[in-house]
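Data block below; observations after.
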Protein chains: 2
Amino acid sequence: MTEQPAPTTTAGDPATARGEQTRQLIRDTAMRLFRERGYAQTTMRAIAQEAGVAVGNAYYYFGSKDHLIQEFYAQSQVEHRAAAQPVLDREESFGARLAGVLHAGVDVVTPSHEFAATFFKTAAEPTSPLSPFSAESSGPREASIELFAEVLTGSTAKVDAELRQQLPELLWLAYMGVILYWVHDRSPGQVKTRQLIDGVVPLIDRLVALSRLRVLRPVTRQVLDLIRTLRH
Amino acid sequence: MTEQPAPTTTAGDPATARGEQTRQLIRDTAMRLFRERGYAQTTMRAIAQEAGVAVGNAYYYFGSKDHLIQEFYAQSQVEHRAAAQPVLDREESFGARLAGVLHAGVDVVTPSHEFAATFFKTAAEPTSPLSPFSAESSGPREASIELFAEVLTGSTAKVDAELRQQLPELLWLAYMGVILYWVHDRSPGQVKTRQLIDGVVPLIDRLVALSRLRVLRPVTRQVLDLIRTLRH
DNA sequence: CGCCCTTCTTGAACGTGTTCAACTACCGAC
DNA sequence: GTCGGTAGTTGAACACGTTCAAGAAGGGCG
């Protein structure tokens with residue numbers, strides 16, 4: 001009798017009990033169509049029809065077509081976490097862990113390259129709740145930053161104490177940069193993004209190591225201060 | 001009789017002769033309404049009505065509402081060039097020139113901060129002709145890169161020969177980064193963007209100077225090679 | 001069973017960006 | 001001056017995202 005064992009759903013806006021099934025149905029249908037036809041080519045009417053509900057019903061669960069994208073964002077984060085686990089279990093050096101996690105991130109989104117392009121268009125708008133910097137995206141974002149914290153803590157790298165505190169967020173920012181490049185990457189199989197990762201990780205690795213050097217301490221401090229100032 | 005002194009228009013698609021007036025009228029009306037009401041709140045119908053033409057006429061000159069934004073992009077570049085001139089005439093040191101030109105760039109777009117946000121949303125889409133990396137934006141982009149070339153050539157800075165070649169494009173990329181931050185900058189008067197410029201320019205300045213050091217030569221080379229690989 | 005309240009569902013209607021077949025204005029050629 | 005062709009112009013029509021008043025479904029309580 002494990003069928004309806006009390007609504008264990010987290011307190012999402014409407015999804016308290018009955019509608020949860022419909023919600024998932026609509027979400028899954030949308031994700032499928034997005035992948036099949038692309039974002040712009042998938043109409044809300046098509047999603048509704050394919051899911052067997054009325055158009056307005058989709059809007060009961062998702063504020064807009066854009067909000068459906070956020071589901072993709074959240075889902076990708078979860079998959080990224082799972083795909084990164086083997087790397088975190090296997091690798092010990094900072095560079096290998098970072099490279100592995102970045103590659104895992106790209107792996108996860110690769111099947112949706114075309115669709116993801118349009119996704120990041122919407123995400124780039126600062127006023128949009130879809131921006132990776134927005135409050136509404138804080139869930140996936142913090143989970144993602146936590147992942148990069150694990151990259152660091154599980155590694156053998158010795159890092160300047162002050163930098164250590166900020167580094168996870170900076171690595172996440174670098175990851176966003178990789179994704180931004182990936183979105184624009186027209187090379188077959190997005191090979192260039194892979195080259196970017198493999199080229200940039202050693203640089204980051206070396207930079208992090210250098211940050212402990214006494215001569216560079218002032219610069220490190222200067223950079224960290226600047227970043228602190230610029231954060232919201 | 002300087003009224004119609006032979007069509008000196010550059011070979012833009014339709015704008016060979018008669019329509020040039022209408023084209024400019026529509027463009028100026030659109031720019032004004034964008035600034036007054038914002039991008040989303042300005043309908044094509046409103047633009048047409050305010051300009052005293054039919055809706056379809058606007059589409060004769062501009063392929064889409066998005067294409068009107070490209071006019072803003074081009075116009076901003078011209079204004080940026082003009083605003084940067086005094087700085088280039090006055091300053092000699094690389095840092096001062098770079099900071100001045102970056103500040104000038106922000107100055108130019110400041111009146112359109114709200115509208116520009118939506119602008120960059122569209123610009124972020126890779127498939128869009130509006131992307132600053134796209135072929136259709138190559139005009140303003142190259143003019144902008146040329147501006148940063150002047151920042152370098154007019155300065156007293158001594159730069160590694162290999163880096164010198166790539167630096168203008170890299171500075172332009174940094175400028176894009178500044179704009180990206182500016183778009184998301186919610187601080188009053190976008191003060192933080194100013195702090196970003198003032199904080200980052202000394203770092204770039206120092207980095208450029210260091211690039212000539214023999215010990216750092218391999219790293220410089222490595223970075224430049226990576227960038228060359230990643231360019232399309 | 002009947003009642004009420006919340007949750008969920010519906011589809012017509014609105015405003016938008018965009019298209020297009022039809023029409024008009026202009027200009028060179030004969 | 002009339003003819004033909006290009007450039008320019010029109011506005012109704014289309015498909016889309018989104019809204020909303022209306023209703024249906026479910027469930028707790030007398």
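What you are looking at is a predicted structure, and each value in this text was computed from that prediction instead of being measured. Numbered from 1 within each chain, the chains take letters A, B, ... in sequence-line order.
Rounded to a whole Å, the NE2 atom of B:H67 is 14 Å from the C1' atom of C:dG17. Rounded to an integer number of Å, the gap from CZ of B:R45 to C1' of D:dT10 is 14 Å. In this entry the distance linking OH of A:Y60 with C1' of D:dC20 reads 14 Å, nearest Å. Straight-line distance from the CZ atom of B:F62 to the P atom of C:dT19: 15 Å, rounded to whole Å. One interatomic measurement links the two molecules: CD of A:Q41 to P of D:dG17, which rounds to 10 Å at whole-angstrom precision. Following rounding to the nearest Å, A:E20 (CD) and D:dG26 (P) show an atom-to-atom distance of 17 Å. The nearest whole Å value for the distance from the CG atom in A:L25 to the C1' atom in C:dC8 is 14 Å. Protein atom CD of A:Q49 is 11 Å distant from nucleotide atom P of D:dC16, rounded to whole Å.
A salt bridge between B:D89 and B:R97 is absent, with no side-chain N of the basic residue lying under 4.0 Å from a carboxylate O of the acidic one.
Residue B:V53 has its side chain nearest to D:dT10 when only D:dT18, D:dT10, C:dT9 are considered. Of the candidate nucleotides C:dT10, C:dG17, D:dG17, C:dG17 has the atom lying nearest to any side-chain atom of B:M44. Listed nucleotides C:dT18, C:dA13, D:dG8 differ in distance to B:Y61; the shortest reach to its side chain belongs to D:dG8. When the nucleotides D:dA13, D:dC16, C:dT19 are ranked by their closest atom to the side chain of B:Y59, C:dT19 comes out on top.
Mapping A:T42 and B:T22 onto DNA chain D via the closest heavy atom, the residue that lands nearer the 5' end is B:T22. Between B:G56 and A:N57, the residue whose closest nucleotide on DNA chain C is further toward the 5' end is A:N57.
Taking the ring axis of A:Y60 as reference, the NZ or CZ atom of A:R23 does not stay both within 45° of it and closer than 6.0 Å to the ring centre. Geometrically, A:K65 engages A:Y39 in a cation-pi contact, judged by NZ or CZ lying under 6.0 Å from the ring centre and within 45° of the ring axis.
Interatomic distance, CD of A:E36 versus CZ of A:F115, reported as 12.5 Å (0.5 Å rounding).
Between C:dG15 and B:T43, no contact under 4.0 Å exists linking OP1 or OP2 to a side-chain N or O.
In this structure a side-chain-to-backbone donor-acceptor pair under 3.5 Å is present from B:K192 to A:T229.
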